[in-house]
Amino acid sequence: MMNLRRNLAALAALLLCATSAAADCANTEFQGQNFTYCRANASDDIRLFLYAKDTQVYGNFRTVDEALARDGKKLAFAMNGSMYHPDRSPVGLFVEKGEEVSRIVTSEGPGNFGLLPNGVFCIEDSRFTLIESRSFASAPPQCQYAAQSGPMLVIDGAYHPRFLNDSDSRLIRNGVGVSADGKRAVFAIANSPVNFYEFARFFRDYLEMPQALYIDGNVSRLHAPALRRSDWGTLLGPIVGKVVDVTTPTN
């Protein structure tokens with residue numbers, strides 16, 4: 001009887017772990033469009049990845065997983081983490097393991113990145129922050145990891161002022177939102193082309209995120225083993241992902 005109870009307890013724990021891992025990411029419909037989102041808590045091991053060694057970028061989810069496996073770890077989920085130049089170096093601020101790899105850019109410029117206000121996603125020791133870039137530059141928090149991108153999608157619960165609800169600029173886009181208390185972050189990708197207004201609406205009205213940042217479009221990809229999904233394509237620059245023990249169930 002004692003062994004039976006132990007076996008049942010072990011099975012229950014295993015099922016709980018599997019359910020928790022699968023619950024990280026989900027597919028959903030909102031306003032007639034399809035999205036996938038992955039939730040993270042501030043207590044999770046969320047990291048940004050860029051260089052595997054010297055100036056050689058990881059480039060894809062598989063090489064990140066291979067590197068993590070040497071330490072008994074793996075990706076629970078991941079996506080491209082910020083905009084990047086042709087050599088895969090990040091556009092704007094990028095901090096990895098507390099070290100600044102590239103500097104913050106606060107001037108207006110061409111393209112989506114320069115559509116101010118843009119912002120910085122920062123991973124601190126015990127919270128997430130998502131801050132408009134100029135505010136960040138004037139009083140930067142202590143980020144273990146940080147990536148700048150733009151434009152901001154949602155700013156204090158309001159849409160970016162230059163978004164148009166009928167814009168015909170539609171792409172597969174991905175982004176990140178942060179809760180008001182900084183304890184939760186949500187990474188999302190559109191599974192069909194959306195404009196900025198539609199993507200911002202998903203973060204604000206469905207995910208209820210008061211701050212959200214556009215990461216990129218067209219090159220947007222997601223790695224979500226629990227959903228049996230791992231997008232492939234040309235080499236990426238920065239990658240953001242949740243790291244777990246290699247023994248953690250993902251399906």
Rounded distance [0.5 Å steps], CD in E99 versus CD in E96: 10.0 Å
All pairs passing disulfide (SG to SG under 2.5 Å) where residues 48-114 contributes a residue, at least two apart: none
Exercise: identify the closest heavy-atom pair between R204 and A158: NH1-CA, 4.5 Å
Pair N27, T36: side-chain N/O donor-acceptor within cut-off below 3.5 Å: yes
Exam field: side chain D65 to backbone K74, donor-acceptor pair closer than 3.5 Å: no
Residue pair Q33 / S192, side-chain donor-acceptor N/O under 3.5 Å: no
R127: partners by salt bridge (charged side-chain N to carboxylate O under 4.0 Å, His left out), with sequence neighbours left out: E124
Student check: side-chain heavy atoms of L75 and V64 closer than 4.5 Å: yes
Shortest non-hydrogen separation from P151 to L115 and the atoms involved: CB-O, 3.3 Å
Listed partners of E66 passing salt bridge (charged side-chain N to carboxylate O under 4.0 Å, His left out), at least two apart: R62
Closest heavy-atom pair and its distance - S133, N118: OG-OD1, 2.5 Å
E100 side, atom CD; F94 side, atom CZ - distance, nearest 0.5 Å: 11.5 Å
No-hydrogen, no-angle side-chain donor-acceptor test under 3.5 Å, D156 and Q211: yes
Flag if over 12 foreign heavy atoms under 6.0 Å of CD, E29: yes
Nearest atoms (heavy-atom pairs only) where K73 meets V243: CB-CG1, 3.7 Å
Point-to-point distance, once rounded to the nearest 0.5 Å, from SG of C38 to CD1 of I189: 9.5 Å
Side chains of R229 and N191, donor plus acceptor under 3.5 Å: yes
Straight-line distance of I123 CD1 to D44 CG, nearest 0.5 Å: 10.5 Å
Q144 to V95 - nearest heavy-atom pair and separation: O-CG1, 3.8 Å
Derivation and outcome, side chain to side chain contact (heavy atoms under 4.5 Å, CB included), residues L153 and F163: CA-CA 9 Å; L153 296 169; F163 289 172; 3.9 Å; yes
Donor-acceptor side-chain pairing of T248 and D245 below 3.5 angstrom: no
Between F121 and F187, ring centroids under 6.0 Å: yes
From CA spacing to verdict: side chain to side chain contact (heavy atoms under 4.5 Å, CB included), F30, R201: CA-CA 9 Å; F30 180 67; R201 182 176 60 190; 3.9 Å; yes
Hydrophobic cluster membership, F61 vs Y58, 4.5 Å side-chain cutoff: yes
Side-chain H-bond candidate by donor/acceptor type, S167 with N195, under 3.5 Å: no
Residues which pass ring-ring contact (aromatic ring centres under 6.0 Å, His included) with Y159, listed by chain and number, not counting sequence neighbours: Y197
Intermediate values then yes/no, side-chain hydrogen bond (donor to acceptor under 3.5 Å, both in side chains), Q148 and S82: CA-CA 7 Å; Q148 183 182 11; S82 75; over 6 Å; no
Donor + acceptor pair across side chains of S179, D181 (<3.5 Å): yes
Partner set under salt bridge (charged side-chain N to carboxylate O under 4.0 Å, His left out) for E132, not counting sequence neighbours: none
Neighbour count above 12 (heavy atom, 6.0 Å) for R184 CZ: no
Side chains of R221 and W232 in contact at under 4.5 Å (non-hydrogen atoms): no
Backbone of L116 reached by a side-chain donor or acceptor of H160 within 3.5 Å: yes
Hphob cluster co-occupancy, V101 + I46, side-chain heavy atoms under 4.5 angstrom: yes
Spacing of T234 atom OG1 and L236 atom CG [to the nearest 0.5 Å]: 6.5 Å
Candidate pair I215 and N80, rule side chain to side chain contact (heavy atoms under 4.5 Å, CB included), full reasoning: CA-CA 8 Å; I215 292 178; N80 51 300; 4.0 Å; yes
Test side chain to side chain contact (heavy atoms under 4.5 Å, CB included) applied to V105 and F113, step by step: CA-CA 10 Å; V105 176; F113 182 91; 4.0 Å; yes
Side-chain (N60) to main-chain (T63) donor-acceptor, under 3.5 angstrom: yes
Parallel, tilted or perpendicular: ring planes of F199 versus F203, cut at 30 and 60 degrees: perpendicular
Output field: ring centroids F196/Y214 closer than 6.0 Å: yes
Close side-chain approach of V194 and F35, heavy atoms under 4.5 Å: yes
Taking every non-hydrogen atom, the tightest pair across I239 and G59: CD1-C, 4.3 Å
Electrostatic pair D216-R173, nearest N-O below 4.0 angstrom: no
Hphob cluster co-occupancy, L93 + L48, side-chain heavy atoms under 4.5 angstrom: no
Gap separating the CG atom of N174 from the CE atom of M79, nearest 0.5 angstrom: 5.0 Å
Summary of disulfide (SG to SG under 2.5 Å) pairs that have at least one residue in residues 40-158, sequence neighbours excluded: C122-C143
Under-4.0 Å salt bridge between K242 and D24: yes
E198 bridged to R170 by N-O distance under 4.0 Å: yes
Heavy-atom side-chain contact between V186 and M209 under 4.5 Å: yes
Single-linkage hydrophobic cluster V240~V91, side-chain heavy atoms < 4.5 angstrom: no
Residues T28 and Y206: side-chain donor-acceptor under 3.5 angstrom: yes
Cluster link L213 to M83, ILVMFWY, side chain under 4.5 Å: no
Distance-only polar pair, side chains of S89 and D87, donor-acceptor under 3.5 Å: yes
